Amino acid sequence: MEEINLKELWHYFMSKIEVALIAMIICILIGNIYLFCFQTPLYKSTTSLVLVKEERSTTSITQNDITLNNNLVSTYSEIIKSRNVLSQVIENLKMNESVEDLSKCISVSSITDTQIIKVAVSRESNEEAKAIADEIADVFTQEIINIYGIQNISVVDKAQLSENPYNISIVKQNAIYGAMGLILGMGIIFIIFYFDTSIKDAKTVEEKLDLTVLGVVPKVGEKHGKKK
């Protein structure tokens, strides 16, 4: 493989910088066409649930209660996305959607070393996202009573109406498009440089052909519209 002169590469890159700039502009334009014409904005609403001591008990919370609830967090997280819970949510909100499709819009997570479960719903409508998140909390709470016969779920934070789509950031996305275009342009310049076998100066002749240059013919220029 032929060795690459980094200094020569740098000068060549600077002489062709407009190629990188054009590639960057084209990528930004294409990215913005996708951003404003094709990308679907999605809104996310999140509700937080916490496992507490059963309400009918009047005694204080013990370490056993905390341990039991910690063990139930992962189980409860699966129940939230179960067919039984989601089908009831669809029925209550009169949604024309399958359980499988609704499940794809829901993410359930638990905060490490806590008894808090977060349920996030992503939808094209911010109002629909909020309504589904709140309905899941209500249906899930009732389902736990039906399954375990206990009432140990409490809502920490109800879902809020999201004002801005979470999957669109004009500044961030344009920065990414610009960086991609710049990298693409630099790649094009490098490829052109690597496969360019033309002789550009006397020094290159001496280095590649091991010959002594006896003279150099100057470039023919123009002055006042006449050839010199």
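Here, residue 1 is the first one in the sequence, and each next residue gets the next number. This is a predicted model, so every value here is computed, not measured.
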Notebook entry, point to check: Within a reach of under 6.0 Å around CD of E18, are more than 12 heavy atoms found that belong to other residues, nucleotides or ligands?
Noted result: yes
Note to self: Same cluster or not: I176 versus V171, using hydrophobic residues (I, L, V, M, F, W, Y) connected whenever any side-chain heavy atoms lie under 4.5 Å apart?
What the structure shows: no
Next item on the list: Taking all non-hydrogen atoms of both residues into account, name the closest pair between I170 and N174 and its distance.
Entry: O-ND2, 2.8 Å
Checklist line | Connected via hydrophobic side-chain network under 4.5 Å: L21 and F193 | finding: yes
Checklist line | Side chain to side chain, L9 and H11, heavy atoms closer than 4.5 Å | finding: no
Note to self: Measuring only between side-chain heavy atoms, which start at C-beta, is P41 closer than 4.5 Å to Y166?
What the structure shows: no
Check: Can you find a pair of side-chain heavy atoms, one from L93 and one from I132, that are under 4.5 Å apart?
Finding: yes
Next item on the list: Report yes if the side chains of Q88 and N84 come closer than 4.5 Å at any heavy-atom pair, otherwise no.
Entry: yes
Check: Parallel, tilted or perpendicular: which fits the ring planes of Y34 and F38, with parallel below 30° and perpendicular above 60°?
Finding: parallel
Tell me which donor-acceptor pairs under 3.5 Å the side chains of residues 99-111 have, and how far apart each pair is, sequence neighbours excluded?
| from | atom 1 | to | atom 2 | distance (Å) |
| --- | --- | --- | --- | --- |
| E100 | OE2 | R83 | NH2 | 2.4 |
| D101 | OD2 | S98 | OG | 3.1 |

Note to self: For E97, is there an ion pair with R123 - N to carboxylate O distance below 4.0 angstrom?
What the structure shows: yes
Check: Are the side chain of T47 and the backbone N or O of V119 linked by a donor-acceptor pair below 3.5 Å?
Finding: no
Checklist line | Nearest heavy atoms of C27 and G181, plus distance in Å | finding: SG-CA, 3.4 Å
Next item on the list: Identify the heavy atoms of Y12 and I189 that sit nearest to each other, and give their distance.
Entry: CE2-O, 3.9 Å
Note to self: Just verifying a value: how many Å separate T40 OG1 and I168 CD1, rounded to the nearest 0.5 Å?
What the structure shows: 8.0 Å
Check: Can you tell me how far CZ of F36 sits from CG of N32, rounded to the nearest 0.5 angstrom?
Finding: 5.5 Å
Note to self: Would the distance check show the side chain of N167 and the main-chain N or O of L42 forming a donor-acceptor pair, the cut-off being under 3.5 Å?
What the structure shows: yes
Next item on the list: First locate atom CD1 of I144, then atom CD1 of I79, and finally report the distance between them rounded to the nearest 0.5 Å.
Entry: 4.0 Å
Check: Rounded to the nearest 0.5 Å, how far apart are CG of N92 and CD of E135?
Finding: 4.5 Å
Notebook entry, point to check: Would you find a donor on one side and an acceptor on the other, under 3.5 Å apart, between the side chain of N126 and the backbone of S162?
Noted result: yes
Check: Around atom NZ of K16, are there more than 12 heavy atoms of other residues, nucleotides or ligands at under 6.0 Å?
Finding: no
Notebook entry, point to check: For atom CD of Q39, is the number of surrounding heavy atoms from other residues, nucleotides or ligands below 6.0 Å larger than 12?
Noted result: yes
Notebook entry, point to check: In the single-linkage hydrophobic clustering (I, L, V, M, F, W, Y; side-chain heavy atoms under 4.5 Å), do I33 and I28 co-cluster?
Noted result: yes
Margin query: Can you tell me how the ring of Y148 sits relative to the ring of Y76, calling it parallel under 30°, perpendicular over 60° and tilted otherwise?
Written below: tilted
Check: So how far is it from Y43 OH to E128 CD, rounded to the nearest 0.5 Å?
Finding: 13.0 Å
Check: In Å, rounded to the nearest 0.5 Å, how long is the span from OG of S45 to CD of E127?
Finding: 10.0 Å
Item checked: For I116 against S48, the heavy-atom pair lying closest together -> CG2-CB, 4.4 Å
Next item on the list: Please report the closest heavy-atom contact between A137 and L49, naming both atoms and the distance.
Entry: CB-CD2, 3.8 Å
Margin query: Do F13 and M186 have side chains that approach each other closer than 4.5 Å (heavy atoms only, starting at C-beta)?
Written below: yes
Check: Any sub-3.5 Å donor-acceptor pair from Q173's side-chain atoms to S169's backbone N or O?
Finding: yes
Note to self: Could you check whether atom CE of M95 has more than 12 heavy atoms from other residues, nucleotides or ligands sitting under 6.0 Å from it?
What the structure shows: yes
Notebook entry, point to check: So if you build clusters from Ile, Leu, Val, Met, Phe, Trp, Tyr with side-chain heavy-atom gaps below 4.5 Å, do V155 and I150 land together?
Noted result: yes
Notebook entry, point to check: Taking a hydrophobic cluster as the set of Ile, Leu, Val, Met, Phe, Trp and Tyr residues connected by side-chain heavy atoms closer than 4.5 Å, whether directly or through intermediates, do I17 and M24 fall within one such cluster?
Noted result: yes
Check: Below 4.5 Å, heavy atoms only, C-beta onward: do Y177 and I26 meet side chain to side chain?
Finding: no
Checklist line | Nearest heavy-atom neighbours spanning L86 and I80 | finding: CD2-O, 3.7 Å
